[in-house]
Amino acid sequence: MEPSLESIRDKVSAGVRLSEEDALALFRSRDIHAVGEMADFVNRRVNGDRVYFIVNRHINPTNLCVNRCKFCAFGKGREEPLAYTMTMDEILVRAEEAWYQNATELHIVGGLHPDLPFDFYLRMLRIIRERFPGMHIQAFTAVEIDHFSRITGLSLGEVIRQLKEAGLGSLPGGGAEIFDPEVRNRICPEKISGDRWLEVMEEVHGAGLRSNATMLYGHVETLASRVDHMRRLRELQDRTGGFQSFIPLAFHPKNTEIAKGYTTGLTDLLSLAVGRIYLDNFLHVKSFWIMVGPRIAQISLHFGVDDIDGTVVEEKITHAAGAQTGQEMTVAGLVSMIRQAGKIPVERDTLYNVVREWPEGETA
Ligand code: V47
């Protein structure tokens with residue numbers, strides 16, 4: 001083991017919280033086995049051998065976006081040929097498909113549309129809740145919540161109250177990117193600040209809703225800015241306890257304004273493992289197989305990850321940026337991937353209630 005990792009391993013074994021310097025040393029390490037072993041140790045203490053997955057469906061109602069983030073290939077201006085906005089019926093057809101596929105969650109996020117009114121989103125939530133009761137609606141990034149507050153003039157608290165009343169169940173973790181203002185100004189100068197993202201999440205948690213947290217890596221960020229990002233997440237989680245899972249997102253460069261290659265397997269595994277070790281107040285660390293690929297997602301189950309998201313079905317954001325993965329994973333595929341890794345597959349709902357366990361021998 002690299003000598004610099006020994007004192008960190010002692011802290012991890014004793015359950016002592018890591019410092020930012022420790023996290024940096026882990027990111028700099030090339031002793032992937034040692035880092036993986038620590039992450040696995042921490043994960044097992046919390047989740048044992050259980051690995052969660054969810055039967056869900058992503059819906060992206062519009063790619064029109066008033067922001068022009070340089071890392072994003074999904075967002076479009078009104079005049080661009082690939083711009084689209086789904087009708088309510090198009091959204092509902094997707095929700096209905098999900099319902100018939102026994103999905104327990106709809107994951108709905110989109111661009112900041114220049115003129116769709118807040119009422120459209122409230123109506124969407126109400127209709128989905130009415131027609132497909134029991135399906136949890138996880139929708140709108142913190143960036144969209146801020147947008148709703150700006151277009152309506154309502155406070156964050158009031159926006160969240162109305163969304164919750166209409167059927168919003170929780171928030172996904174998108175839009176976090178990297179909080180460090182220097183990096184953020186280079187990759188998404190028009191987007192809300194990191195402080196604002198955290199402020200929205202604090203309000204969301206205060207309103208009794210859970211959310212996730214993401215970190216976009218593999219672009220122009222520094223290792224120190226990744227650690228800073230995770231530090232701010234850990235601090236907020238200490239205050240609210242409202243985050244359910246941490247999801248590092250691997251940057252995809254195609255059709256974006258950031259000239260970079262794809263991330264490597266080593267960077268992907270380190271990001272997941274360091275997240276698991278440093279974020280000692282997050283119960284779940286999730287591999288989004290769409291972004292890291294099913295192979296790394298499977299191996300990551302030995303690097304601190306306890307959750308693979310999900311059946312998905314249709315994915316537009318990463319695929320606009322050159323994702324090589326498919327868009328759908330079957331339950332049988334997820335179960336076998338988890339089992340092959342020597343773990344116990346557990347289908348969960350959005351709030352990590354167990355829907356079904358898949359003990360050895362049972363096939364999907
Ligand atoms: O907010 C945009 C990222 C996010 C690119 O909460 C890109 O459970 C890579 O947040 N390359 C949307 N990433 C996806 C997201 C998510 C996904 C799965 C699960 C959950 C969850 C959340 O994707 C955006 C942005 O951070 N993104 N462009 C790109 N070129």
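Order of appearance sets the numbers: ligands from 1, and atoms from 1 within every ligand. Throughout, numbering of the chain's residues begins at 1 and tracks the sequence. Just so it is clear, the values below take in all heavy atoms, side chains as well, and ignore hydrogens, waters and symmetry mates.
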Colleague: Just to confirm my output: which protein heavy-atom neighbour is closest to atom 11 (N) of ligand 1, and how far is it?
Modeller: His252 N, 2.9 Å

Colleague: Identify the heavy atoms of Thr85 and Leu116 that sit nearest to each other, and give their distance.
Modeller: CG2-CD1, 4.2 Å

Colleague: Nearest heavy atom to atom 18 (C) of ligand 1: which of Phe243, Phe288, Tyr217, Phe246 does it belong to?
Modeller: Phe288

Colleague: Between Val331 and Val355, is there a shared hydrophobic cluster once you connect ILVMFWY residues whose side-chain heavy atoms come closer than 4.5 Å?
Modeller: no

Colleague: Taking the six-membered ring where the residue is Trp, are the ring centres of Tyr52 and Tyr352 under 6.0 Å apart?
Modeller: yes

Colleague: Using distance alone, decide if ligand 1 has a nitrogen or oxygen within less than 3.5 Å of any nitrogen or oxygen in Phe71.
Modeller: yes

Colleague: Against heavy atoms of Ala321, which atoms of ligand 1 measure under 4.0 Å?
Modeller: 30 (N)

Colleague: Indicate whether any N or O donor in one side chain lies under 3.5 Å from an N or O acceptor in the other, for Ser300 and Ser287.
Modeller: yes

Colleague: Give the numbers and elements of all ligand 1 atoms closer than 4.0 Å to a heavy atom of Leu216.
Modeller: 7 (C), 9 (C), 13 (N)

Colleague: Any N or O on Lys286 sitting closer than 3.5 Å to an N or O of ligand 1?
Modeller: yes

Colleague: Ring centroid separation for His205 and Phe243, is it under 6.0 angstrom?
Modeller: yes

Colleague: Report, in ascending order of atom number, the atoms of ligand 1 lying under 4.0 Å from any heavy atom of His107.
Modeller: 19 (C), 20 (C), 21 (C), 22 (C)

Colleague: I need the atoms of ligand 1 closer than 4.0 Å to a non-hydrogen atom of Gly175, numbered in the order shown.
Modeller: 1 (O)

Colleague: What atoms of ligand 1 come closer than 4.0 angstrom to any heavy atom of Gly173?
Modeller: 6 (O), 21 (C)

Colleague: Out of all atoms in ligand 1, which are within 4.0 Å of some heavy atom of Ile247? Include the element for each.
Modeller: 6 (O), 8 (O), 20 (C), 21 (C)

Colleague: Decide, yes or no, whether a salt bridge links Lys191 with Glu144 under the criterion of side-chain N to carboxylate O below 4.0 Å.
Modeller: no

Colleague: Suppose the criterion is ring-ring contact (aromatic ring centres under 6.0 Å, His included): which pairs have a residue in residues 128-163, not counting sequence neighbours?
Modeller: Trp99-Phe132, Phe118-Phe148, Tyr121-Phe140, Tyr121-Phe148, Phe140-Phe148

Colleague: At less than 4.0 angstrom from any non-hydrogen atom of Leu249, what atoms of ligand 1 do you find?
Modeller: 3 (C), 4 (C), 10 (O), 15 (C), 23 (O), 26 (O)

Colleague: Test: ring-ring contact (aromatic ring centres under 6.0 Å, His included). Region: residues 153-181. Which pairs qualify, not counting sequence neighbours?
Modeller: Phe179-Trp197, Phe179-His229

Colleague: Under 4.0 Å from any heavy atom of Pro172, which atoms of ligand 1 are there?
Modeller: 6 (O)

